[in-house]
J.: 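Mind having a look at this structure? Questions to follow.
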Number of protein chains: 2
Amino acid sequence: MADLVYKQVLQSLQQRIKTNQFPHNRLPDERSLSTEYQVSRSSIKRALNVLAQQGVIFKKRGSGTFVNPLYLKNKSIFRYEGSNLGITNNLKIEGYEPQIKVLDFAVIAAPPEIQEELFVTSEDFVYQIRRLRLIDERAIIIETSYIPIKLAPALTRQIVTGSLFDYFAKELHHTGTKALMTLKVQPSVATDQELLHLEPTEPVGIMEGIFFLDNGTPFEFSQLRIHYHYFSYNTFVDVAE
Amino acid sequence: MADLVYKQVLQSLQQRIKTNQFPHNRLPDERSLSTEYQVSRSSIKRALNVLAQQGVIFKKRGSGTFVNPLYLKNKSIFRYEGSNLGITNNLKIEGYEPQIKVLDFAVIAAPPEIQEELFVTSEDFVYQIRRLRLIDERAIIIETSYIPIKLAPALTRQIVTGSLFDYFAKELHHTGTKALMTLKVQPSVATDQELLHLEPTEPVGIMEGIFFLDNGTPFEFSQLRIHYHYFSYNTFVDVAE
DNA sequence: TAACACAATTGGTACGTATCAATTGAGAAA
DNA sequence: TTTCTCAATTGATACGTACCAATTGTGTTA
């Protein structure tokens, strides 16, 4: 996991930055870091690049590398939901153990809207899974997922009560590490209002996406309708050139 | 701009992928590409990494590199709003020329909420700029921005009628290429409903962020309240481990 | 036929070198 | 003092090498 050289450097640097060990928020130059850590400059660069892409540091050619001062003040923002798949795991981080309530578990012919995304035809069957996710007894997400039968022939209502990611990882020796996602906003519909305890004036955030296995095959399409109190997505954007 | 070796390779590969020039959606192995393009394998890797991070290709050790089949089918999703700063430029892409209506232009003492973000104290003054953005005569965004006076002493109501990004680029020789952003959802308030022509049941998407100059100093905090029809954010997420 | 072992293929990591480009600062010149 | 010039500093790009690790396919063996 962390046996890679650049990751060790990365972690060390993260630690040093967090504990404010760099005078004037300025990091040593790359060549110095290289000799200090006894690793090649390339590895230093790789570690620094990760930090730069996260917005933790700024690099400026000819001048040096500096800690983003906002990072020190407001570290919380720098935990990106953006870099975390799997809703179950995501919610776990918050401290509360999430619950899942299965609303619906059926096998249907693949609906036209998702045939393209999941590479199935109208001949193919998919699981349609509707689940309600709760934290601390409060319902916060209505999740509707579609999974092609042929990718997981043994799925049961029982399994679906738990984390699908864990199931895929354990049983199918595949980890879903990638997803193509879209975030949107919509007024709540009757079902939302009922399940998520919303007023008609209160909206939901939509988070929908296609999840890929590590071999590139799309294996799940899912839409999350999220109570607007709990919808928040942070990201650091860099537009080079 | 595109004189960099890896960018030339990148563009070439993008073109070849888009026009479906790889049998079985499989790219040649890195070593072959290296000799084919007459560049080092490192440069090939760099180009491929960009594509992989965009979700355009999948790499699998021991097996090869493959085009994400969804990319070919549904290229539109792969235009990320996520990788585009500057709202004016962003909207321009859609084809319609955006208009800006200045609602409010004032200098005030820095509000407490943004003092931390912009590194100013209650002693400092900031511009408070409220603007309405329209496309094709339709109001779609209410924007509220704060900019420290000391960073742009010469700002006028006139300038504010245009793109602030362009102004900063031209006059201050600084380009804002980085931002720390948060996406949220809220019910519309009276002002939203009035300006954006929304019903009380219709929500707004919130997009707020801190924009940095290329030297790392935060120079603008701005909040966008977006008509929910026009709020959409696409992103490709990869969680390595 | 089926199961296994092994070699070839292919991407990943790491190191090191050479060179370029932006910035900074010191020292010379005005 | 101020301004200018130039060398030193510092990150960026590119190349090439060596070796590792996952996968695949082939050929052998049971």
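Labels below follow one simple rule: chain letters A, B, ... track the order of the sequence lines, proteins then strands, and each chain is numbered from 1.
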J.: Would you mind reading off the distance between Tyr6(B) atom OH and dG16(D) atom P, rounded to a whole angstrom?
T.: 19 Å
J.: Could you give the CG-to-C1' distance, from Leu4(B) to dC15(D), as a whole number of Å?
T.: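 That distance rounds to 15 Å.
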J.: Going by atom types only, do Gln223(B) and Thr144(B) share a side-chain donor-acceptor pair under 3.5 Å?
T.: no
J.: Going 5' to 3' through nucleotides 15-20 of chain C, assign each nucleotide B (protein heavy atom under 4.0 Å from a base atom), S (under 4.0 Å only from sugar-phosphate atoms) or - (no protein heavy atom that close).
T.: BB----
J.: Taking atom CD as the centre, does Gln158(A) end up with more than 12 heavy-atom neighbours from other residues, nucleotides or ligands that are less than 6.0 angstrom away?
T.: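 No.
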J.: Could you report the tightest heavy-atom contact between Lys178(B) and Phe236(A), atom names first, then the distance?
T.: CB-CZ, 3.7 Å
J.: Return the minimal non-hydrogen interatomic distance between Arg26(A) and Phe66(A), and the atom names on each side.
T.: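 Answer, listing the atom of Arg26(A) first, then Phe66(A): CG-CE2, 3.6 Å.
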J.: Can you check the Ile44(B) CD1 to dA14(D) C1' distance for me, whole Å?
T.: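 Going from Ile44(B) (CD1) to dA14(D) (C1'), I get 12 Å.
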J.: So does Thr65(B) get a side-chain nitrogen or oxygen closer than 4.0 Å to the phosphate oxygens (OP1/OP2) of dG11(C)?
T.: yes
J.: Which of these nucleotides, dT23(C), dT10(D), dG11(C), is closest to any side-chain atom of Asp29(A)?
T.: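 That would be dT10(D).
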J.: Would you mind reading off the distance between Lys59(B) atom NZ and dG11(C) atom C1', rounded to a whole angstrom?
T.: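 Spelled out: NZ on Lys59(B) to C1' on dG11(C) is 8 Å.
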J.: Rounded to the Å, how far apart are Phe66(A) CZ and dT23(C) P?
T.: 12 Å
J.: To the nearest Å, how far apart are Lys45(B) NZ and dA14(D) C1'?
T.: 15 Å
J.: Any non-hydrogen side-chain atom of Tyr146(A) less than 4.5 Å from a side-chain atom of Pro111(A)?
T.: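 Heavy-atom side-chain distance check passes, below 4.5 Å.
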J.: What is the distance from CG of Asn49(A) to P of dA12(D), rounded to the nearest Å?
T.: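 Value for this atom pair: 7 Å.
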J.: Rounding to a whole Å, what distance do you find between Glu30(A):CD and dT10(D):C1'?
T.: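 Rounded to the whole Å, the gap is 8 Å.
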J.: When rounded to the nearest 0.5 angstrom, what is the spacing between CG in Asn68(A) and OG1 in Thr217(B)?
T.: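 Result: 10.0 Å between the selected atoms.
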